[in-house]
Novice: 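This structure is in structure tokens; I'll ask about it shortly.
Predicted model only: the values in this text are computed from it and were never measured. The residues of the chain are indexed from 1 along the displayed sequence.
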Amino acid sequence: MTALPASGREWHLAARPHGWPKAEDLTLREVPVTEPGEGRILVRNKHFSVDPYMRGRMNDVKSYAPPYKLDHPMDGGAVGEVVASNADGFAVGDHVLHGLGWREYAQVPARYAVKVDASLAPLSAYLGVLGMPGLTAYAGLFEVASFKEGDTVFVSGAAGAVGSQVGQLARIKGASRVIGSAGSDDKVKLLVEEYGFDAAFNYKSGGSVKEQLKKAAPDGIDVYFDNVGGEHLEAAISSFNLHGRATICGMISLYNSTEAAPAPRNLAQVIGKRLRLQGMLVGDHQALQPQFVKDVAGWLASGELKYRETSVEGIENGFDAFLGLLRGENTGKMIVTLN
């Protein structure tokens, strides 16, 4: 067995951000690397994920995920190679998916690691299209929003890891029209020309979201998949047909706000239109995992489903990758790739 390194680097939360995270809120620290304890494996991470929900975990507030502890390593999805094992069923050289990202080396309890096959898909895909974001798209569209053939679907943040998959899944399953919003003209072009959206618009230019959505969906929408919140949610409520359904997955437009955001000003329409607005957490839908992997792997193999990743090289650039994600600089899944 190859000798283990003496140390590795990991990102720690140094201070609770107020508004947008600053460089001094996170710090990259060198820590000892040790042999794995009983029932554990030591993994050299190859890729780790940065995700919008991590911003909420930097606050000291009770939520669905515990807050990050100050002066402790942060965590999140990661894939890597086992370099030492003290657990049955895992051997040196195995590739695994686990939850201890933001670091070069992770000592992972074996029960929280899942083997993945690097011959079926690139390892990074298990953090995106075949991972948590992919399952979020699948469950949020089919189970939470009760999608049915012929629905008109609107997706906000549609060029991101979740949104791009939602729109394509809706198209594959027979939506009558799929509309997406994104934050640049290049992303709008990608949605229509590569992902097969029927229409898309740049919410940062060209007028209000409400007016652009009405133009893109003159006959209204039946399903809204919300990754953005704020003005987008208000626009969707305005465009909903009777019995419209919204999956409230994320509200990235509000994550760095220092003041309470106003509610959509047209919430009264929920009554007359008999709308259903439902929040979702992907952890509630793990029972769909086998069917999700089967379906998505098939659509990837057939070429019906496409995906993009934005990879930032080097653990030292992890904070910059996270900030870039919050600013919308990624196309598809934002991943940090370790050297």
Novice: Looking at every non-hydrogen atom in both residues, tell me the closest pair between A78 and G101 and how far apart they are.
Specialist: CB-CA, 3.7 Å

Novice: Check whether the side chains of S302 and E304 place a donor and an acceptor atom closer than 3.5 Å, and report yes or no.
Specialist: yes

Novice: Please answer: with hydrophobic residues joined when any side-chain heavy atoms are less than 4.5 Å apart, are L123 and V108 in the same cluster?
Specialist: no

Novice: Which distance, rounded to the nearest 0.5 Å, do you find between the OG of S164 and the OH of Y307?
Specialist: 11.5 Å

Novice: Side chain of N330, backbone of G332: donor and acceptor closer than 3.5 Å?
Specialist: yes

Novice: How long is the gap from OG on S49 to CH2 on W102, to the nearest 0.5 Å?
Specialist: 9.5 Å

Novice: Are Q278 and I248 close enough that some pair of their side-chain heavy atoms sits under 4.5 Å apart?
Specialist: no

Novice: Please find the pair of heavy atoms, one from F319 and one from P21, that lie closest to each other, and give the distance.
Specialist: CZ-O, 3.8 Å

Novice: Between S184 and D186, is there a side-chain donor-acceptor contact under 3.5 Å, judged purely by atom types and distance?
Specialist: no

Novice: Considering all heavy atoms of both residues, which atom of P67 and which atom of R16 are nearest to each other, and what is their separation?
Specialist: CB-NH1, 4.2 Å

Novice: Would L275 and I237 satisfy side-chain contact (heavy atoms from CB on, under 4.5 Å), going step by step from the backbone distance to the final call?
Specialist: CA-CA 8 Å; L275 305 179; I237 291 171; 4.2 Å; yes

Novice: Do side-chain atoms of K148 reach the backbone of A175 as a donor and acceptor pair under 3.5 angstrom?
Specialist: no

Novice: For E24, does the CD atom have more than 12 heavy-atom neighbours from other residues, nucleotides or ligands under 6.0 Å away?
Specialist: yes

Novice: Which residues satisfy the ring-ring contact (aromatic ring centres under 6.0 Å, His included) test with Y224, sequence neighbours excluded?
Specialist: F154

Novice: What's the spacing between N241 CG and T152 OG1 if we round to 0.5 Å?
Specialist: 7.0 Å

Novice: Does H72 reach the main-chain N or O of L70 with its side chain, forming a donor-acceptor pair under 3.5 Å?
Specialist: yes

Novice: Do other residues, nucleotides or ligands put more than 12 heavy atoms under 6.0 Å from H18 NE2?
Specialist: no

Novice: Any side-chain heavy atom of Y203 sitting closer than 4.5 Å to one from V228?
Specialist: no

Novice: Heavy atoms, side chains only, cut-off 4.5 Å: are E10 and L28 in contact?
Specialist: no

Novice: Let me confirm one number: the CD-OG distance from Q212 to S239, rounded to the nearest 0.5 Å.
Specialist: 11.5 Å

Novice: For residues 199-227, which residue pairs qualify under salt bridge (Lys or Arg N to Asp or Glu O under 4.0 Å), counting only residues two or more places apart or in two chains?
Specialist: none

Novice: Using a 4.5 Å cut-off on heavy atoms from C-beta on, say whether the side chain of D94 contacts that of V116.
Specialist: no

Novice: For S238 and N266, work out which heavy atoms get closest and say how close.
Specialist: N-ND2, 3.4 Å

Novice: If the test is side chain to side chain donor-acceptor pair (under 3.5 Å), which one of R103, K69, R29 qualifies with H12?
Specialist: R29

Novice: Count the heavy atoms of every other residue, nucleotide or ligand shown that sit under 6.0 Å from CG of D117, and state whether that count exceeds 12.
Specialist: yes

Novice: Got L325 and P52 here, is their nearest side-chain heavy-atom distance under 4.5 Å?
Specialist: yes

Novice: Verify whether one side chain among E313 and N317 offers a donor that lies under 3.5 Å from an acceptor in the other.
Specialist: no

Novice: Which pairs with one or both residues in residues 261-270 pass salt bridge (Lys or Arg N to Asp or Glu O under 4.0 Å), sequence neighbours excluded?
Specialist: E234-R265

Novice: Please check if the side chain of N45 supplies one atom and the backbone of L100 the other of a donor-acceptor pair under 3.5 Å.
Specialist: yes

Novice: Could you give the distance from CG (N227) to CD1 (I252), rounded to the nearest 0.5 Å?
Specialist: 8.5 Å

Novice: Could you check whether T310 and T331, counting side-chain N and O atoms only, form a donor-acceptor pair closer than 3.5 Å?
Specialist: no

Novice: To the nearest 0.5 Å, how far apart are CE in M58 and CG in D25?
Specialist: 8.0 Å

Novice: Decide, yes or no, whether a salt bridge links K189 with E194 under the criterion of side-chain N to carboxylate O below 4.0 Å.
Specialist: no

Novice: Judged by atom type as modelled, is there a donor-acceptor pair below 3.5 Å linking the side chain of Q168 to the main-chain atoms of K306?
Specialist: yes

Novice: Among side-chain atoms of H232 and S181, is any donor-acceptor pair under 3.5 angstrom?
Specialist: yes

Novice: Does NZ or CZ of K173 come closer than 6.0 Å to the centre of the six-membered ring of F147, within 45° of the ring's axis?
Specialist: no

Novice: Could you tell me whether a side-chain N or O of D198 sits under 3.5 Å from a main-chain N or O of V178, the two making a donor and an acceptor?
Specialist: yes

Novice: Between W20 (side chain only) and L323 (backbone N and O only), is there a donor and an acceptor less than 3.5 Å apart?
Specialist: no

Novice: State, without any angle test, whether N256 and R55 hold a side-chain donor-acceptor pair at a distance under 3.5 Å.
Specialist: yes

Novice: If we count only N and O atoms by modelled type, under 3.5 Å, do the side chains of S7 and E30 hold a donor and an acceptor together?
Specialist: yes

Novice: Minimum heavy-atom separation for C249 and F225, please, with both atom names.
Specialist: CB-CE2, 3.5 Å

Novice: Please check if V114 and V293 belong to a single hydrophobic cluster, counting links between Ile, Leu, Val, Met, Phe, Trp and Tyr side chain heavy atoms closer than 4.5 Å.
Specialist: no

Novice: Do the side chain of Q107 and the main chain of G37 share a donor and acceptor less than 3.5 angstrom apart?
Specialist: yes

Novice: Determine whether M74 and Y68 satisfy the following criterion, side-chain contact (heavy atoms from CB on, under 4.5 Å), listing intermediate values before the conclusion.
Specialist: CA-CA 6 Å; M74 298 189 300; Y68 290 132; 3.8 Å; yes

Novice: Is it true that a side-chain atom of K333 and a backbone atom of V50 form a donor plus acceptor pair closer than 3.5 Å?
Specialist: yes

Novice: Salt bridge or not for D75 and R57, using N-O below 4.0 Å?
Specialist: yes

Novice: Closer than 4.0 angstrom, basic N to acidic O: yes or no for R177 and D151?
Specialist: no

Novice: Applying the 4.5 Å side-chain criterion to the ILVMFWY set and letting contacts propagate, would L288 and W299 be lumped into a single cluster?
Specialist: yes

Novice: In sequence, state the C-alpha distance, the side-chain angles, and the governing distance for H243 and R276, and then conclude on side-chain contact (heavy atoms from CB on, under 4.5 Å).
Specialist: CA-CA 7 Å; H243 303 293; R276 171 156 59 87; over 6 Å; no

Novice: Is the shortest heavy-atom distance from the side chain of S156 to the side chain of L233 under 4.5 Å?
Specialist: no

Novice: Which atom pair, heavy atoms only, marks the closest approach of A236 to I221?
Specialist: O-CD1, 3.9 Å

Novice: Looking at side-chain heavy atoms only, is the closest gap between T136 and M280 below 4.5 Å?
Specialist: yes

Novice: Under a 4.5 Å side-chain heavy-atom rule over Ile, Leu, Val, Met, Phe, Trp and Tyr, are V43 and V79 clustered together?
Specialist: no

Novice: Within the 3.5 Å criterion, strictly below it, is a donor on Y138 or D295 matched to an acceptor on the partner's side chain?
Specialist: yes

Novice: Taking the side chain as every heavy atom from C-beta outward, state whether Y195 and L190 have any pair of such atoms under 4.5 Å apart.
Specialist: yes

Novice: Just do the side-chain contact (heavy atoms from CB on, under 4.5 Å) check on V296 and V129 with the steps written out, would you?
Specialist: CA-CA 8 Å; V296 169; V129 66; 4.2 Å; yes

Novice: Is it the case that the side chains of T337 and S311 hold a donor-acceptor pair, with the cut-off being a distance below 3.5 Å and no angle test?
Specialist: yes

Novice: Charged N to carboxylate O under 4.0 angstrom, K46 versus E81?
Specialist: yes

Novice: Can a donor-acceptor pair be found between the side chains of S85 and R40 at a distance below 3.5 Å?
Specialist: no

Novice: Using the rule that Ile, Leu, Val, Met, Phe, Trp and Tyr join whenever any side-chain heavy atoms are under 4.5 Å apart, tell me whether V188 and I179 fall into a single cluster.
Specialist: no

